[in-house]
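These notes concern the structure reproduced below.
Keep in mind the model is a prediction, meaning the values are calculated, not measured.
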Amino acid sequence: MTEMILLKLGELVLKGANRHTFEDKLKSNIARRLRPLGKFRVYTRQSTTYVEPLSDTCDMDAAYEAMKHVFGVVGISRAKACEKTREAMLETARSYLGDKLSAAHTFKVESKRADKSFPMTSIALSQWVGGELDDLYPNLQVDVHQPELTVHLEVRDYAAFVHADPEPGAGGLPVGTSGRALSLLSGGIDSPVASWMMAKRGVALEMVHFYSYPYTSPEAREKVLELAKLLTPWCGRLTVHVVPFTHIQEELRRSCPEDYFTLLMRRFMMRIAEGVARRTGCRAVVTGESLGQVASQTMDAMAVTGAVTALPIFRPLVGMDKEEAVRIARKIGTFETSILPYEDCCTVFTPRHPRTRPRLEDVEAIEEPLDVEGLVKEALEGIERVQVGG
């Protein structure tokens, strides 16, 4: 029988009557990731999703790597299917895991019997196969507590499966099961991490980036598009809405006190983000803000910037320090791109002494002479939409 990929499902198995909705979305996400890699059959039985190649041309190595980025999966294994007899499972363990068995010093066999009609108990099956392997491989000793290698036997409804220790999956919920949100994507470390964290909770994302040419370079724009591309193995194909922001910033610099620049810019960003969200069916806005990290991320400042939108604002990094965000950025592969030395629109116009404890009524009074509606409309009309990912 053929080699397959087994995906162990996470918290979606607890979803009760809605579970099939989560499983269907997971299968469609998996099928989309596999499409460039060959023809596969994807199906779910008994809390496990099976990825079965339908031809010898399927790229199993690439498929296995792709499955590590699929949210909703907590464990992933390459496994060999065989007949549901103890002899077949022993022979498959020898042929499929022979190199691992020859290299290890300690091992154990762990069995699961989902098919209760199988004549042996899980313990008896483990003992029999483990005893045979112990005799066949003089280098091996049984260690049921901390073995170098665990041989897993799974007796399921129509076949048995043999595999070594599973690798951790991405966890979370399948992307698309928790609605859509619009994520503010800058060129820094935090916003890609925030986007990844919301995708892990099942949120499908649209991206918005504020671009201030000529104050920010074309390379800064390309850096942000590259960050979005690096997120697509996790999030799927993304649309980045590139917003022309120069005119708004020049108006603020001309008309408003310098210490309020950042607050006013972020209020305009939130207004524009809400406009993009309404167009794209997004029901929330995501930012990379962390409480107290910079002047615009105090509690008072976040209240003032959030006051212009009726949409929920998700801040998944709000309780993190920078080192925690950096660790995640390294894990998901965005860190090296995030630290490339290109300015974004906020850092170019950073005031020398930003206001940290603003009052909403003061900010609204400063905005009163501005044509807020006209500036927002102009920015929305000038948006460039860029598709990234396959």
- [ ] Would you indicate whether the side-chain heavy atoms of Leu252 and Leu370 approach each other to under 4.5 Å?
- [x] yes
Task: Ile123 atom CD1, over 12 foreign heavy atoms within 6.0 Å - done: no
Task: Gln146 backbone acceptor or donor facing Asp143 side chain under 3.5 Å - done: yes
Task: Fellow cluster residues of Leu54, listed by chain then number, with links counted only when side-chain atoms sit under 4.5 Å apart - done: none
TODO: Answer with yes or no whether the side chains of Thr298 and Thr356 bring together a donor and an acceptor at under 3.5 Å.
DONE: no
TODO: State, yes or no, whether a side-chain contact exists between Lys8 and Val73 at a heavy-atom distance under 4.5 Å.
DONE: no
- [ ] Decide if atom CG of Asp99 counts as having more than 12 heavy atoms of other residues, nucleotides or ligands within a radius under 6.0 Å.
- [x] no
Open item on the list: Please determine whether the number of non-hydrogen atoms from other residues, nucleotides or ligands lying under 6.0 Å from atom NZ of Lys27 exceeds 12.
Closed with: yes
Please list, one pair per line, the donor and acceptor atoms closer than 3.5 Å that link side chains of residues 323-341 to other protein atoms, with sequence neighbours excluded.
unit_1: Glu324; atom_1: OE1; unit_2: Asp321; atom_2: N; d: 2.8
unit_1: Ser338; atom_1: OG; unit_2: Gly188; atom_2: O; d: 2.9
unit_1: Ser338; atom_1: OG; unit_2: Thr334; atom_2: O; d: 3.1

Open item on the list: Whether the side chain of Lys39 engages the backbone of Thr57 through a donor-acceptor N/O pair (distance < 3.5 Å, no angle test) should be reported.
Closed with: no
Task: Pair Ser111-Ser122, side-chain donor/acceptor within less than 3.5 Å - done: no
Open item on the list: With heavy-atom distances below 4.5 Å as the criterion, would you say the side chains of Ser183 and Met198 are in contact?
Closed with: no
Open item on the list: Tell me whether Thr106 contacts the main-chain N or O of Glu148 through its side chain, where contact means a donor paired with an acceptor under 3.5 Å.
Closed with: yes
- [ ] Compare all side-chain heavy atoms of Ile383 with those of Leu380 and state whether any distance is below 4.5 angstrom.
- [x] yes
- [ ] Check the pair Arg180 / Arg283 against side-chain contact (heavy atoms from CB on, under 4.5 Å), numbers first and verdict last.
- [x] CA-CA 6 Å; Arg180 298 186 68 81; Arg283 292 153 42 201; over 6 Å; no
- [ ] With Ile30 as reference, evaluate Thr44, Leu7, Ile5 under the side-chain contact (heavy atoms from CB on, under 4.5 Å) test and give the passing residue.
- [x] Leu7
- [ ] Answer yes if the side chains of Thr280 and Glu206 hold a donor-acceptor pair under 3.5 Å, and no otherwise.
- [x] no
TODO: Ignoring hydrogens and angles, state whether a donor on the side chain of Ser47 or Arg19 is under 3.5 Å from an acceptor on the partner side chain.
DONE: yes
Task: Listed partners of Tyr64 passing ring pair (Phe, Tyr, Trp, His ring centres under 6.0 Å), at least two apart - done: none
Exercise answer: donor-acceptor pairs, residues 132-140 side-chain atoms, under 3.5 Å, sequence neighbours excluded:
unit_1: Asn139; atom_1: ND2; unit_2: Leu101; atom_2: O; d: 2.9
unit_1: Asn139; atom_1: ND2; unit_2: Ser102; atom_2: O; d: 3.1
unit_1: Asn139; atom_1: ND2; unit_2: Ala104; atom_2: O; d: 2.7

Open item on the list: Is it the case that the side chain of Ser28 and the backbone of Lys25 share a donor-acceptor pair, with hydrogens and angles ignored and the cut-off at 3.5 Å?
Closed with: yes
Task: Residue pair Glu154 / His163, side-chain donor-acceptor N/O under 3.5 Å - done: yes
TODO: Would you check if Leu184 and Val286 make a side-chain contact, meaning some heavy-atom pair closer than 4.5 Å?
DONE: no
TODO: Before giving the answer on side-chain contact (heavy atoms from CB on, under 4.5 Å), spell out for Gln141 and Phe107 the whole-Å C-alpha distance, their side-chain angles and the decisive distance to 0.1 Å.
DONE: CA-CA 6 Å; Gln141 288 186 342; Phe107 85 114; over 6 Å; no
Task: Cation-aromatic face contact Arg271/Phe268, 6.0 Å, 45 degrees - done: yes
TODO: Check the side chains of Ser117 and Asp115 for a donor-acceptor pair under 3.5 angstrom, ignoring hydrogens and angles.
DONE: yes
Open item on the list: Determine whether a donor-acceptor pair (N or O, by modelled atom type, separation under 3.5 Å) exists between the side chain of Ser290 and the backbone of Gln293.
Closed with: no
Task: Polar side-chain atom of Thr232 near backbone of Cys235 as donor-acceptor pair, under 3.5 Å - done: no
- [ ] Using a 4.5 Å cut-off on heavy atoms from C-beta on, say whether the side chain of Leu173 contacts that of Glu11.
- [x] yes
- [ ] Would you check if there is a donor-acceptor pair between the side chains of Thr287 and Arg266 at a distance under 3.5 Å?
- [x] no
- [ ] May I ask you to check whether Glu378 and His247 show a side-chain donor-acceptor distance below 3.5 Å?
- [x] yes
Open item on the list: Test your reading of the model: is there a side-chain donor-acceptor pair from Arg113 to the backbone of Pro119, 3.5 Å cut-off?
Closed with: no
Open item on the list: Does any part of the side chain of Trp128, heavy atoms only, come nearer than 4.5 Å to the side chain of Val109, both counted from C-beta?
Closed with: no
Task: Test item: Lys223 side-chain N/O and Gly187 main-chain N/O as donor-acceptor pair under 3.5 Å - done: yes
- [ ] Look only at the side chain of His209 and the backbone of Val242, and say whether a donor-acceptor pair between them is shorter than 3.5 Å.
- [x] no
TODO: Would you check if the side chain of Arg33 reaches a backbone N or O of Pro233 as a donor-acceptor pair within less than 3.5 Å?
DONE: yes
Open item on the list: The criterion is ring pair (Phe, Tyr, Trp, His ring centres under 6.0 Å); which residues satisfy it with Tyr50, sequence neighbours excluded?
Closed with: Tyr43, Phe161
TODO: For Lys200, check salt bridge (Lys or Arg N to Asp or Glu O under 4.0 Å) against everything at least two apart and list the hits.
DONE: none
Task: Pairwise side-chain contact, Met269 with Ile248, heavy-atom cut-off 4.5 Å (strictly under) - done: no
Open item on the list: Between Arg201 and Thr177, does the side chain to side chain donor-acceptor pair (under 3.5 Å) criterion hold? Intermediate values first, please.
Closed with: CA-CA 8 Å; Arg201 296 312 305 157; Thr177 56; over 6 Å; no
